[in-house]
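What follows is a short report on a single structure.
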Amino acid sequence: MIAQHQLWQGFNWVSVDKPDTHDFNQLRDTYHIKKKYIGYMRDIRERARFDFDTETGCSLLIFRSVNQGEEGLDSTEYLETVPFCIIIKDNNLITVTHPRNTYVTKLLKDVIEDTKSESQPADTLMTIAFKLIFKLNENYLDRIDDMNKAREALESFQKRPSNKQITQLSNLDKRLVYLKTAANNNVIAIRQVQVMSDADDDPLSLSTTELQHLKDLRVEVEQSREMANIAAEIVEQVVSSYSNILDNSINNTMRLLTVWSLALAIPPIVSGFWGMNMPLPLAKEPWSWFLSIIISVVPIGLLLWYLKKHNDI
């Protein structure tokens with residue numbers, strides 16, 4: 001669905017939510033968007049990037065936004081982040097969202113309202129784009145905080161983790177990998193903007209205000225990347241702790257089974273001698289059965305005492 005909004009100073013905002021083939025064709029024909037840009041916008045797994053076309057003066061910025069919508073294409077897939085596309089061409093700001101990040105449209109409306117309330121509204125569309133991405137980046141910090149709380153809850157297990165806790169930790173580890181990768185790509189995309197505008201002869205020309213917003217934005221996305229990396233490292237340590245605890249539990253179980261296997265092997269040996277068809281000392285005494293029990297129990301006791309003394313049990 002395509003909606004057009006009038007801004008100020010002749011600027012227009014074209015919001016494209018949940019686009020279909022007809023919407024993409026309309027974008028291409030009406031605003032002369034290149035085919036490769038349409039391909040970038042279609043791909044739900046497109047990495048963050050920035051591209052500037054000198055021929056048409058069209059800027060494309062893709063930022064991986066946090067998924068606050070439904071799950072992935074099937075029940076076994078979860079998309080932690082979803083690409084959000086911004087195109088700036090002439091006086092048009094074009095935004096493209098997917099079904100899993102349509103909240104960005106409302107967020108941009110808030111950014112525009114806040115900008116209108118300023119004494120001097122932003123004089124460029126790039127400034128609006130930077131302000132929006134600044135807010136989108138805050139969602140990374142919120143998501144990381146939520147994951148840290150989930151990780152702290154998984155650390156408070158008793159004796160050894162349950163199967164449910166192991167599954168939850170595995171899912172958390174996978175989600176953090178996706179989030180960390182997306183944060184790294186976002187940093188690369190913002191750096192690409194800076195690289196294309198840091199010299200006078202570069203194709204992208206930014207004003208002093210835009211450069212300041214870009215500098216602040218780069219600091220924020222790099223902070224999100226570092227926070228994601230730290231959270232991922234801590235989860236990896238928890239995964240390692242889970243593995244060590246489970247290995248130690250298995251070792252203790254195997255040691256216990258081995259000890260009792262040795263201990264329980266003694267009575268069959270004694271009873272085997274008593275069951276032979278040959279005369280045995282004291283075999284015909286009325287208390288010989290109790291004697292066989294004593295002969296079986298004493299070695300077991302000595303074995304357990306020896307293993308306990310040497311810290312083997």
Side-chain angles (χ1 to χ4, degrees), residues 67 71-80 143-182 184 226-313:
N67 178 14
E71 292 190 355
L73 302 180
D74 56 70
S75 59
T76 62
E77 178 187 23
Y78 184 86
L79 299 176
E80 192 62 42
R143 181 59 59 85
I144 293 172
D145 289 340
D146 293 339
M147 290 183 172
N148 285 334
K149 292 178 181 178
R151 185 254 307 161
E152 291 173 357
L154 291 174
E155 288 178 334
S156 59
F157 56 84
Q158 299 293 333
K159 293 185 179 180
R160 63 179 181 180
S162 63
N163 291 336
K164 180 179 179 181
Q165 289 174 318
I166 294 173
T167 302
Q168 290 175 342
L169 183 62
S170 177
N171 293 334
L172 181 62
D173 188 28
K174 180 175 66 175
R175 292 176 60 193
L176 269 171
V177 170
Y178 291 145
L179 193 70
K180 180 175 68 173
T181 302
N184 288 333
E226 294 303 320
M227 293 293 293
N229 290 338
I230 292 173
E233 290 178 2
I234 295 176
V235 169
E236 288 178 1
Q237 293 296 324
V238 177
V239 171
S240 178
S241 299
Y242 269 41
S243 179
N244 292 336
I245 291 172
L246 292 175
D247 290 344
N248 185 63
S249 177
I250 293 174
N251 291 336
N252 290 337
T253 301
M254 295 304 298
R255 182 185 296 112
L256 181 64
L257 292 176
T258 302
V259 169
W260 283 108
S261 296
L262 293 174
L264 296 177
I266 297 176
I269 296 175
V270 176
S271 61
F273 277 107
W274 241 254
M276 292 180 179
N277 294 323
M278 62 179 63
L280 294 175
L282 307 177
K284 296 182 179 182
E285 299 295 332
W287 40 264
S288 59
W289 184 76
F290 294 99
L291 178 62
S292 66
I293 294 177
I294 295 173
I295 296 175
S296 299
V297 171
V298 170
I300 293 176
L302 293 176
L303 174 64
L304 296 178
W305 171 80
Y306 177 82
L307 295 176
K308 182 69 175 179
K309 181 179 179 180
H310 293 81
N311 298 322
D312 290 328
I313 58 173

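Quick caveat, the model's predicted, so the values are computed rather than measured. We count residues from 1, following the sequence as given.
The CG atom of Asn171 sits 8.5 Å away from the CZ atom of Arg175 when rounded to the nearest 0.5 Å. Considering CD of Gln165 and OG1 of Thr167, their distance stands at 10.0 Å, rounded to 0.5 Å. Expressed to the nearest 0.5 Å, how far CG of Asp173 lies from CD1 of Ile234 amounts to 12.5 Å. One finds the CG atom of Leu172 at 10.5 Å from the CG atom of Asp146 (value rounded to the nearest 0.5 Å).
A distance-only check finds no donor-acceptor pair linking the side chain of Arg151 to the backbone of Ala232 [under 3.5 Å]. Remark: side-chain polar atoms of Ser170 are not paired, donor with acceptor, to backbone N or O of Ile166 under 3.5 angstrom.
With sequence neighbours excluded, no residue forms a salt bridge (charged side-chain N to carboxylate O under 4.0 Å, His left out) with Glu236. When the side-chain contact (heavy atoms from CB on, under 4.5 Å) test is applied to Met227, the partners found at least two apart in sequence or on another chain are Leu141, Ile144, Gln223.
In this structure, the side chains of Lys180 and Asn184 come closer than 4.5 Å at one or more pairs of heavy atoms. Side-chain atoms of Pro267 and Val297, non-hydrogen and from C-beta on, never get closer than 4.5 Å to each other.
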**Study point:** Glu80/Lys174 under salt bridge (charged side-chain N to carboxylate O under 4.0 Å, His left out): CA gap, chis, key distance, verdict
**Key:** CA-CA 9 Å; Glu80 192 62 42; Lys174 180 175 66 175; over 6 Å; no
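Between Asn148 and Ala231, the closest heavy-atom pair is OD1-CB, 3.6 Å. Heavy-atom minimum distance, Ile294 versus Pro299: O-CD, 4.3 Å.
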